[in-house]
J.: 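Okay, here's the structure, questions in a sec.
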2 protein chains.
Amino acid sequence: MLSDRTARPAGELARGARLAPSTISTHLGRLLDAGVLDVEQHGRHRYYRLADPGIIRIVESLATIAPPKPIRSLGGASTATSLNFARTCYDHLAGRLGVWVTDELVARGMLVDGTTGLDVSDAGAAWLEDLGVSVSEARAQPRIFARRCLDWSERRHHVAGALGSGLLARLLDLAWIEHVDGSRAVRVTAAGREGFKRSLGTPPASS
Amino acid sequence: MLSDRTARPAGELARGARLAPSTISTHLGRLLDAGVLDVEQHGRHRYYRLADPGIIRIVESLATIAPPKPIRSLGGASTATSLNFARTCYDHLAGRLGVWVTDELVARGMLVDGTTGLDVSDAGAAWLEDLGVSVSEARAQPRIFARRCLDWSERRHHVAGALGSGLLARLLDLAWIEHVDGSRAVRVTAAGREGFKRSLGTPPASS
DNA sequence: CGGACGCTTCGGGTAGCCCCGAAACGTGAC
DNA sequence: GTCACGTTTCGGGGCTACCCGAAGCGTCCG
C-alpha cells in the first residue's frame with residue numbers, strides 16, 4: 001500500500017491489511033526502527049511512508065518476483081474495498097480497472113515497450129485521439145511520456161506518465177468514471193460501461 | 001555465498017551456514033520451487049546458483065540495507081572457515097582481508113568514488129605503482145577499471161574490476177599471499193605480514 | 001473539561017517456521 | 001556387487017513471530 005509513495009496513517013494501513021491496529025502498530029514500529037519507514041505526525045494521525053527511493057526500488061523488485069497471492073501471514077491482506085477496484089494513483093488510473101485498461105491496450109498492440117518506458121503504436125495513437133486524448137500534447141509535456149507504475153493491489157503494472165494523466169483526465173471528462181465522494185476511489189458510470197464495452201471490451205466487475 | 005554468481009553444491013552451503021545438510025536441503029528445495037535458484041547435477045553433487053541477474057540484484061540490494069549481523073535464524077551463519085578470512089572472488093581478493101585492504105585504501109584517500117564505480121587518486125596511483133601494480137595497464141583494459149563487489153561473508157564491499165585483478169596478481173607475485181592447496185582460500189605469508197604492515201598497517205588476524 | 005478518536009504499549013495464546021537426526025535414494029568408486 | 005558419499009525425505013521438537021484484546025497516552029472536538 002505504501003509502494004506508490006503515498007504516506008498513510010496507521011489506521012488506514014490496519015484496515016487495508018485487515019489486522020488489528022495494535023498489530024499494525026507493532027510492525028510499523030519495527031520498520032521505523034530499521035529505517036525502512038519514515039513517520040510524520042499530523043494531529044492525532046501518524047503518517048507512514050517508505051523512507052527513501054532505495055527502499056522503494058527494493059520493495060518494487062521484490063513485488064515483481066513475488067507470487068500473485070503472496071504474504072504468508074498478515075491475515076490475507078487483499079481487501080474488498082472499492083479502492084481495489086479503481087482509484088487514482090497521483091494523476092493516473094490504478095486498481096483492477098487501471099490494470100485492465102493497460103492490459104487491453106497492450107494486448108491490442110496499441111501500447112508497446114519503448115526506449116524509455118512505454119510508447120504508443122500508430123493504432124494506439126489513433127484510438128486515443130478518437131477517444132479524445134491528445135497524444136501530441138502528452139508528448140510535448142516536460143515529463144516522461146508513458147511509464148509503468150506498480151499497482152499495489154493487483155501487483156501488476158498500470159500506465160502512468162503524461163499519457164496516463166491525459167487518459168484519466170479524459171475519462172473523468174467523458175464521465176465514464178467519477179470519484180466516490182472525496183476519496184481516491186473511482187466508480188464506472190453507466191455511460192462508462194457502455195463506452196468501455198464499445199472500445200475495449202467488457203470492463204472488470206466492481207464487486 | 002551464492003551472491004558472487006558461483007554455483008555451489010548443497011553440502012558446501014550447509015557447512016558454510018553451519019547447518020545440517022537436511023536443513024539446507026529443505027531451504028534449497030523451496031528456493032528452487034520459487035524460481036529463485038537453478039540447479040545443475042554433476043555426478044552425485046547438485047550445484048545451486050541464483051536463477052537470474054534480476055534475483056542477484058535483489059539479493060545484493062537487500063544485503064546493502066540489512067544490518068551488519070542480520071539473519072535472525074540460520075544458526076549464526078558466519079563460519080570460522082579460512083574462506084572467511086581471505087579468498088579469491090573470480091580474479092580479485094575477497095574476505096576479511098580483501099575488505100580490509102579496500103577500507104584502508106579508502107581511508108587514506110587513495111581509492112575514491114568515481115563516475116563509474118571507483119577511481120584512484122594521485123596518491124593512490126603512486127602507492128600502487130610503488131607496490132608494482134601498473135595503474136595505466138589496468139586503465140587500458142577493455143573492462144571496468146575498478147568497481148565495488150559485495151563480499152558475502154563481510155557483507156561489505158571489496159574492490160574488483162581491472163584494478164582488483166591487477167592487485168591480486170601482484171600480491172601473489174610478491175608472495176605476500178598464497179593459495180591454500182587448490183582452493184580459493186588464501187593465506188598471508190610472513191613476507192606479506194611485513195609488507196602489509198609497512199604500507200597499510202597491521203592486517204586482520206586470520207583466526 | 002469530558003468524551004471520542006487515533007495510536008501505541010503490554011501481556012499472553014497459538015500457529016508455523018526452523019531446525020535436527022534417522023532413514024531412504026541415487027551416483028560413483030572399488 | 002558392495003560400499004562410500006552427497007543429497008533428499010520424513011517425523012518431530014523448540015522457539016518465536018504474529019496476532020489479538022485491554023489498557024494507557026496524546027490530540028482534537030463539543
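Labels below follow one simple rule: chain letters A, B, ... track the order of the sequence lines, proteins then strands, and each chain is numbered from 1. Atoms considered below: every heavy atom in the structure, side chains included; atoms not considered: hydrogens, waters and symmetry mates.
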J.: How many Å lie between CZ on B/R15 and P on D/dG6, as a whole number?
T.: 7 Å

J.: The side chain of B/T23 lies closest to which of these nucleotides: C/dC20, C/dC5, D/dC18?
T.: C/dC20

J.: Closest to the A/S22 side chain: C/dT8, D/dT9, D/dC18?
T.: C/dT8

J.: Show your reasoning for whether salt bridge (Lys or Arg N to Asp or Glu O under 4.0 Å) applies to B/R46 and B/E40.
T.: CA-CA 6 Å; B/R46 304 191 70 195; B/E40 203 171 317; over 6 Å; no

J.: Write down the distance between CG (A/L32) and C1' (C/dC7), rounded to a whole number of angstrom.
T.: 13 Å

J.: Quick one: does A/R46 reach the base of C/dC7 with a side-chain donor-acceptor pair under 3.5 Å?
T.: no

J.: Does B/Q41 have more than 12 heavy atoms from other residues, nucleotides or ligands lying within 6.0 Å of its CD?
T.: yes

J.: Go through C/dT8, C/dC18, C/dT27 for me and flag the one nearest to the B/Q41 side chain.
T.: C/dT27

J.: Can you tell me the distance, in whole Å, between the CG atom of A/L31 and the C1' atom of C/dT8?
T.: 15 Å

J.: Out of C/dC7, D/dT8, C/dC18, which has the shortest distance to the side chain of A/A10?
T.: C/dC7

J.: Compute both the distance and the angle, then confirm whether A/R139 meets the cation-pi test with A/F145: under 6.0 Å from the six-membered ring centre, within 45 degrees of the axis.
T.: yes

J.: Run the ring-ring contact (aromatic ring centres under 6.0 Å, His included) test against A/W127 and tell me which residues pass, sequence neighbours left out.
T.: none

J.: Name the orientation class of the two ring planes belonging to A/W100 and A/F196 (parallel below 30°, tilted from 30 to 60°, perpendicular beyond 60°).
T.: perpendicular

J.: Can you tell me the distance, in whole Å, between the CG atom of B/L28 and the P atom of D/dT7?
T.: 9 Å

J.: Just compare C/dT9, D/dA17, D/dT8 and give me whichever is closest to any side-chain atom of A/T26.
T.: C/dT9

J.: Can you measure A/L13 atom CG to C/dG6 atom C1' for me and round it to whole angstrom units?
T.: 13 Å

J.: Just compare D/dC28, D/dA4, C/dC7 and give me whichever is closest to any side-chain atom of B/R44.
T.: D/dA4

J.: Select base, sugar-phosphate, or nothing to describe what A/Y47 touches, counting heavy atoms under 4.0 Å on all strands.
T.: nothing

J.: Whole angstrom is fine here: how far is it from NE2 in B/H27 over to C1' in C/dC19?
T.: 8 Å

J.: Counting just side-chain N and O atoms, does B/Y48 come under 4.0 Å of either OP1 or OP2 of D/dG6?
T.: no

J.: Taking atom C1' of C/dC5 as reference, at what distance in whole Å does atom CD of A/E12 sit?
T.: 16 Å

J.: Could you state the atom-to-atom distance from CG of A/D33 to C1' of C/dT8 in whole Å?
T.: 13 Å

J.: Of all the nucleotides listed (D/dC20, C/dC20, D/dT8), which has the minimum atom distance to the side chain of A/L19?
T.: D/dC20

J.: If you compare every side-chain N and O of B/R30 against the phosphate oxygens of C/dC18 (OP1, OP2), does one of them come in below 4.0 Å?
T.: yes

